[in-house]
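Everything below concerns the one structure shown next.
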Amino acid sequence: MADSAETRKLVYLVTGGCGFLGEHVVRMLLQREPRLYELRVFDLHLGPWLEELKTGPVQVTAIQGDVTQAHEVAAAVAGAHVVIHTAGLVDVFGRASPETIYEVNVQGTKNVIEACVQTGTRFLVYTSSMEVVGPNIKGHPFYRGNEDTPYEAIHRHPYPCSKAQAERLVLEANGRKVHGGLSLVTCALRPTGIYGEGHQIMRDFYHQGLRLGGRLFRAIPASVEHSRVYVGNVAWMHVLVAQELEQRAALMGGQVYFCYDESPYKSYEDFNMEFLGPCGLRLVDTRLLVPYWLLMLLATLNALLQWLLRPLLLYAPLLNPYTLAVANTTFTVSTDKAQRHFGYKPLFSWEDSRTRTIRWVQAVEGSAP
Ligand SMILES: NC(=O)C1=CN([C@@H]2O[C@H](COP(=O)(O)OP(=O)(O)OC[C@H]3O[C@@H](n4cnc5c(N)ncnc54)[C@H](O)[C@@H]3O)[C@@H](O)[C@H]2O)C=CC1
Ligand SMILES: CC(C)CCC[C@@H](C)[C@H]1CC[C@H]2[C@@H]3[C@H](O)CC4=CC(=O)CC[C@]4(C)[C@H]3CC[C@]12C
């Protein structure tokens, strides 16, 4: 569509717009939404990179705010046509308290919904998570499942519990009357493990490998497969849903969609090695040396240490009972619901996603050959 002033009339708000996914959503909107007049980026922590975005035809408004504060959310939402709500505490490492996780992920989402209703914003896209489904506390595998696959979604950990509650609130809000008398149209997207430029856990793995002399020690059997999805494709799905939600409200309203692309099914560690291998790391297979019971013992000791040290410092290693359980339970998605409902196709191929991620690891860690 030609870039002309009369086509630019929409106001978008992205909460969590300075996060790993949020930044990619912001940049994707600027590249792929020709109707954009104003892009509001709402985050607790604003990134300096936002300044470079203010030189284009779209008005980029940086809003430092807290989704737990209803009045701040209402002020940011007022006048927006679409809200893409990605803000959240993504914590399975014990960094934040369960109360804080609930406050941000559930109460924060309630505040966004109520702000849409009070100010008349009609379209809300929520970033949910695969964790709303599983893996469950019984360790049941979810093998090539889709949005309709029966699965006993039982959670105890604060993070998946909070995401499940928030998703339910968003879906239940679909159809509510907003200020002005029209209906709210909501939709929730469920990414699996997101990877790509800006993925902090990938960076943590790389640093761990450097500390261990260029080696990482396998803790997860190669047979345990996880679905992963490239951040650029997750961002693209968010933008496409936002663009299609008005025209396809009857079909898409109140629906959930897994985020997927052509990334291969692999164990979490083997998948990471697709990027860390070309950066010089090697995965040492230690399944004979480090049996599961020993890993469970180490994970439990980490949790105990975290609890003991909490008054003094934050000790939050990757390995804890929850991450070990999730990593050791197959969770793979096979679906085309997003394509059937709103024509989604991945924007980035697996080869492109892999190359971009490798280049990012090499660039940020100075390991380029
Ligand atoms: N990283 C992953 O593998 C997956 C992430 N998700 C979901 O995607 C969303 C984004 O996750 P990531 O980008 O990975 O996390 P992130 O931590 O990089 O980004 C979250 C953003 O939300 C902001 N935020 C946190 N608390 C806030 C508050 N009280 N008020 C305003 N902003 C606040 C943070 O400052 C951050 O910029 C989250 O909702 C998460 O649950 C879903 C599936 C997988
Ligand atoms: C035994 C090892 C030390 C474990 C290392 C891998 C773990 C840190 C990660 C294995 C699976 C990851 C989670 C999964 O991708 C699903 C997720 C969805 C989200 O919404 C947020 C992130 C996460 C919980 C993700 C976190 C890291 C793992 C537990």
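A quick note: this is a predicted structure, and the numbers were derived from the prediction, not measured. First listed ligand is number 1; within each ligand, the first listed atom is number 1.
At under 3.5 Å, a nitrogen or oxygen of F20, whether backbone or side chain, sits near a nitrogen or oxygen of ligand 1. Residue M130 has no N or O atom closer than 3.5 Å to an N or O atom of ligand 1. Not one N or O of S129 is nearer than 3.5 Å to an N or O of ligand 1, by distance alone. Note: no N/O pair closer than 3.5 Å links G193 and ligand 1 by distance alone. Polar contact with ligand 1: present for L44 (N/O pair, distance under 3.5 Å). Polar contact check, T68 against ligand 1: no nitrogen or oxygen pair lies under 3.5 Å apart. Considering both main-chain and side-chain atoms, V67 comes within under 3.5 Å of ligand 1 through a nitrogen or oxygen pair. The shortest N or O to N or O distance between T323 and ligand 2 is not under 3.5 Å. Residue L89 places no N or O, backbone or side chain, under 3.5 Å from any N or O of ligand 1. Considering backbone and side-chain atoms together, Y159 places an N or O closer than 3.5 Å to an N or O of ligand 2.
Only the side chain of F205 comes within 4.0 Å of ligand 2, judged by heavy-atom distances. Both the backbone and the side chain of T127 come within contact range of ligand 1, each with a heavy atom under 4.0 Å. When heavy-atom distances to ligand 2 are checked against a 4.0 Å cut-off, Y322 has no atom that comes that close, whether in backbone or side chain. Counting heavy atoms under 4.0 Å from ligand 2, residue I201 touches it through the side chain alone. Heavy atoms of Y126 found under 4.0 angstrom from ligand 1: none, in either backbone or side chain. For K163, every heavy-atom contact with ligand 1 shorter than 4.0 Å involves the side chain, none the backbone.
At least one heavy atom of G65 sits less than 4.0 Å from an atom of ligand 1. Look at N105 and you'll find every heavy atom at least 4.0 Å from all atoms of ligand 1. In this structure, Y195 does not count as a contact residue of ligand 1, since none of its heavy atoms falls inside 4.0 Å of the ligand. Ligand 1 does not have G108 within reach: every non-hydrogen atom of the residue lies 4.0 Å or more from it.
For ligand 1, the atoms closer than 4.0 angstrom to any heavy atom of H45 are 35 (O). Listed by number with element, the atoms of ligand 1 under 4.0 angstrom from any heavy atom of L21 are 8 (O), 13 (O). Those atoms of ligand 2 that come under 4.0 Å of a heavy atom in L324, given as number and element, are 1 (C). Each of the following atoms of ligand 1 lies closer than 4.0 Å to a heavy atom of C18: 37 (O).
Counting protein heavy atoms only, atom 38 (C) of ligand 1 is closest to T86 O, 3.3 Å. Looking only at heavy atoms of the protein, atom 26 (N) of ligand 1 is closest to V104 CG1, 3.7 Å. Ranking the protein heavy atoms by distance from atom 23 (C) of ligand 1 puts D43 OD1, 3.4 Å first. What sits closest to atom 12 (P) of ligand 1 on the protein, heavy atoms only, is V90 CG2, 4.0 Å.
The option with the heavy atom closest to atom 24 (N) of ligand 1, from among S128, G88, S162, P160, is G88. The option from Y195, F217, Y292, Y268 that lies nearest to atom 9 (C) of ligand 2, judged by heavy atoms, is Y268. Around atom 21 (C) of ligand 2, the closest heavy atom drawn from V90, V229, L216, L295 belongs to V90.
Between the side chain of R248 and the backbone N or O of H341, at least one donor-acceptor pair lies under 3.5 Å.
Cation-pi check for R190 over F258 is met; the charged atom lies under 6.0 angstrom from the ring centroid and within 45 degrees of its normal.
R215 places none of its side-chain heavy atoms less than 4.5 Å from the side chain of L283.
Note on E23 versus R27: salt bridge recorded, some NZ/NE/NH1/NH2 to OD/OE distance being below 4.0 Å. Note on R354 versus E274: salt bridge recorded, some NZ/NE/NH1/NH2 to OD/OE distance being below 4.0 Å. Between E52 and K54 no salt bridge is recorded (no basic side-chain N to carboxylate O distance below 4.0 Å).
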Show your working on side chain to side chain contact (heavy atoms under 4.5 Å, CB included) between L216 and M273 and close with a plain yes or no.
CA-CA 9 Å; L216 286 168; M273 289 311 292; 3.9 Å; yes

Report all side-chain donor-acceptor pairs from residues 68-78 shorter than 3.5 Å, counting only partners two or more places apart or in another chain.
residue	atom	partner	partner atom	Å
T68	OG1	D66	OD1	2.8
T68	OG1	D66	OD2	3.0
E72	OE1	D66	N	2.7

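Under the 4.0 angstrom criterion, atom 25 (C) of ligand 2 counts as lacking any protein heavy-atom contact.
Residues H226 and F331 keep their aromatic ring centres 6.0 Å or farther apart.
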